[in-house]
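Please read the structure below before turning to the comments.
If you're wondering where the values come from, they're calculated on a predicted model, not measured in any experiment.
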Number of protein chains: 2
Amino acid sequence: MGRPRGFDAEQALERALLVFWEHGYEGATLTDLTKAMGITRTSMYAAYGNKEELFRKALARYTRGPAGYVAKALEQPTAEAVARALLDGAVRTTTRPDCPAGCLGVQGALAAGETAHSARDALIAWRRDGGEAIRSRFEQALDEGDLPPGSDPAHLARYVTTLAYGIAVQAAGGVCRDDLQQVADSALLNWPPHPVTPTGTGTPPRRGGRGPS
Amino acid sequence: MGRPRGFDAEQALERALLVFWEHGYEGATLTDLTKAMGITRTSMYAAYGNKEELFRKALARYTRGPAGYVAKALEQPTAEAVARALLDGAVRTTTRPDCPAGCLGVQGALAAGETAHSARDALIAWRRDGGEAIRSRFEQALDEGDLPPGSDPAHLARYVTTLAYGIAVQAAGGVCRDDLQQVADSALLNWPPHPVTPTGTGTPPRRGGRGPS
DNA sequence: TCTATTCAGTACCGCTCGATACATAAGTTT
DNA sequence: AAACTTATGTATCGAGCGGTACTGAATAGA
């Protein structure tokens, strides 16, 4: 009951997502956001809570929207296909001509001041959760014999996500899609990168001479 | 002539660098900066100009300080040693226990609002210049027969820098040094990643079926 | 010692930030 | 139509932002 909302909450959230994506959490002001959303500050607070909650809702929409390729990639039949779908998706999503360059999960709040600590932590958790989902998928692949015995699923997940994040940084700097696709293709030429002794079951081979510093 | 400066300008710049490194350009306030530098706002403006110039000077100090491993890496005798030194240096610099996690050149201003556009562009140029220096080094390696004929130095440089940026993002999220060193080692197992036809001299092999977006 | 020149500290500037109080409009329910 | 509930728009809040006059303080040269 009461007066009905005069705007489409999902569409307005999509607009807010684009602003956060382009300017990051701290760089996106309420004036920018509400102007893009086509609503007033009051309506924004009534519908989403505050800036921080608006960001979290935008991140959730990002996950099931532009970043939906991650969930789809995990459904690929083989570990290599999963890795390829992840990197191809990262290249495409970070270089879409109709969206800001880069990845919201990376550039939304990589380093931040006091006021953006919660947003930064939310993105750290977002990346960690994504990485663990990939690791879990690779564990399944290992069980299925889809990966060589002795492979470390956590390591493979870090390998893929590290490349994806690097691709996102490059895209944010204006590197074009074709150049990044070449990088993704190169990184998957030796898949899996190599069988690494799982942590805890032995001493991984490491070159010496590196001190702490 | 006149009253001499009452503080060490280089040491104060080092303190400012750490603040920018940890909180990014937008997240670092003048109160944070001057408190860490141990000087007043007035002294900061007199010595460095303004916040933007302070950031540029801090970035220059970062380049010849914590990021000095890049210049050293370019002096390695072989392309593979260059790549290895770059990734090892990235791992170590982004995970130093006495410095903020991550890379100033990445998290200083990846996405930004209006007021930080110049800082963001400065970092984009910083990354681009670094990448071109690496490309130039790989061109030299190609001339010396240190890389297989047909290798694309620009592509190899993007491959290495993409990994370095990804490592920086992982480090910013708290991933530990050993895990990142594994990623760096894996990425260099197949060096060079593969000989790619230089852009413009032919159609690089690409899998089909990918439309725009 | 006197004067010129530069540095340092206090207090403050205008502005924008995220967030809200309040009055009004637009619906639903009775 | 009256009562109630919720959304919208205006105008503004206190706080913090980057940046700056202005007043002393400290040193160099005459």
Side-chain angles (χ1 to χ4, degrees), chain A residues 1-13 15-17 19-20 22-59 108-109 111-122, chain B residues 1-13 15-17 19-20 22-59 108-109 111-122:
Chain A
M1 66 172 65
R3 177 175 173 177
R5 182 173 288 146
F7 62 95
D8 184 333
E10 284 300 313
Q11 178 180 335
L13 187 58
R15 304 289 178 84
L17 163 59
V19 175
F20 280 128
E22 181 171 1
H23 296 119
Y25 179 81
E26 279 186 315
T29 70
L30 278 183
T31 303
D32 296 333
L33 290 163
T34 53
K35 191 170 293 181
M37 299 167 85
I39 62 178
T40 64
R41 292 164 121 78
T42 316
S43 297
M44 191 284 288
Y45 278 94
Y48 306 95
N50 57 18
K51 186 186 180 184
E52 184 179 325
E53 290 191 31
L54 176 65
F55 179 77
R56 300 185 110 90
K57 291 183 170 77
L59 178 60
E114 284 290 333
T115 63
H117 271 181
S118 70
R120 185 201 57 180
D121 293 344
Chain B
M1 66 173 68
R3 175 175 172 178
R5 182 173 288 146
F7 61 95
D8 184 334
E10 284 301 314
Q11 179 180 337
L13 186 58
R15 304 287 179 84
L17 162 58
V19 175
F20 280 130
E22 181 171 2
H23 296 120
Y25 179 82
E26 280 186 314
T29 70
L30 277 184
T31 302
D32 296 333
L33 290 163
T34 54
K35 190 170 296 183
M37 299 167 84
I39 61 178
T40 63
R41 291 162 119 81
T42 317
S43 299
M44 192 284 288
Y45 277 94
Y48 306 95
N50 57 19
K51 185 186 180 184
E52 184 179 326
E53 291 190 32
L54 176 64
F55 179 77
R56 301 183 110 89
K57 292 184 170 78
L59 178 60
E114 284 290 333
T115 63
H117 271 180
S118 69
R120 185 201 56 182
D121 294 344

Margin query: Once side-chain contact (heavy atoms from CB on, under 4.5 Å) is applied, do any residues pair with B:Arg5, and if so which ones, sequence neighbours excluded?
Written below: B:Phe7, B:Ala9, B:Ala47
Note to self: Going by the rule side-chain contact (heavy atoms from CB on, under 4.5 Å), which residues pair with A:Ala58 if we only count those two or more places apart in sequence or in a different chain?
What the structure shows: A:Leu13, A:Leu17, A:Phe20
Notebook entry, point to check: Can you name the salt bridge (charged side-chain N to carboxylate O under 4.0 Å, His left out) partners of B:Glu10, sequence neighbours left out?
Noted result: B:Arg61, B:Arg64
Check: With sequence neighbours left out, what residues match A:Thr40 under side-chain hydrogen bond (donor to acceptor under 3.5 Å, both in side chains)?
Finding: A:Ser43
Margin query: For A:Lys51, give me all partners under salt bridge (charged side-chain N to carboxylate O under 4.0 Å, His left out), at least two apart in sequence or on another chain.
Written below: none
Next item on the list: For DNA chain C, determine which residues of residues 49-57 of chain B have any heavy atom closer than 4.0 angstrom to one of its atoms, and list them numerically.
Entry: none
Note to self: Could you tell me if the side chain of B:Tyr45 sits less than 4.5 Å from the side chain of B:Leu30, heavy atoms only?
What the structure shows: yes
Next item on the list: Measure the spacing between NE2 of B:His23 and NE2 of A:His117 and express it to the nearest 0.5 Å.
Entry: 4.5 Å
Checklist line | Partner set under side-chain hydrogen bond (donor to acceptor under 3.5 Å, both in side chains) for B:Thr31, not counting sequence neighbours | finding: B:Arg41
Margin query: Nearest 0.5 Å, please: how far is CZ in A:Arg15 from NZ in A:Lys35?
Written below: 14.5 Å
Check: A:Glu26 side chain to A:Ala116 main-chain N or O, any donor-acceptor pair under 3.5 Å?
Finding: no
Notebook entry, point to check: To the nearest 0.5 Å, what is the distance between CE (B:Met37) and OG1 (B:Thr34)?
Noted result: 8.0 Å
Notebook entry, point to check: Please walk me through it: do A:Asp32 and A:Thr29 pass side chain to side chain donor-acceptor pair (under 3.5 Å)?
Noted result: CA-CA 5 Å; A:Asp32 296 333; A:Thr29 70; 3.1 Å; yes
Notebook entry, point to check: Between residues 24-42 of chain A and DNA chain D, which residues have a heavy-atom gap below 4.0 Å?
Noted result: A:Thr40, A:Thr42
Next item on the list: Name the first nucleotide and the last nucleotide along DNA chain C (5' to 3') that come under 4.0 Å of a heavy atom in chain B.
Entry: C:dT5 to C:dT10
Notebook entry, point to check: What does the inter-axis angle of the helix from C:dT1-D:dA30 to C:dT30-D:dA1 come out as, five pairs per end, nearest 10 degrees?
Noted result: 0°
Next item on the list: Give me the first and last nucleotide of DNA chain D, going 5' to 3', that has any atom under 4.0 Å from a heavy atom of chain A.
Entry: D:dT5 to D:dT10
Next item on the list: Apply side-chain contact (heavy atoms from CB on, under 4.5 Å) to the pair B:Phe55 and B:Leu33, showing each step before the final yes or no.
Entry: CA-CA 10 Å; B:Phe55 179 77; B:Leu33 290 163; over 6 Å; no
Notebook entry, point to check: A:Arg56: what forms a salt bridge (charged side-chain N to carboxylate O under 4.0 Å, His left out) with it, not counting sequence neighbours?
Noted result: A:Glu52
Note to self: Minimum heavy-atom separation for B:Leu59 and B:Ala122, please, with both atom names.
What the structure shows: CD2-O, 4.4 Å
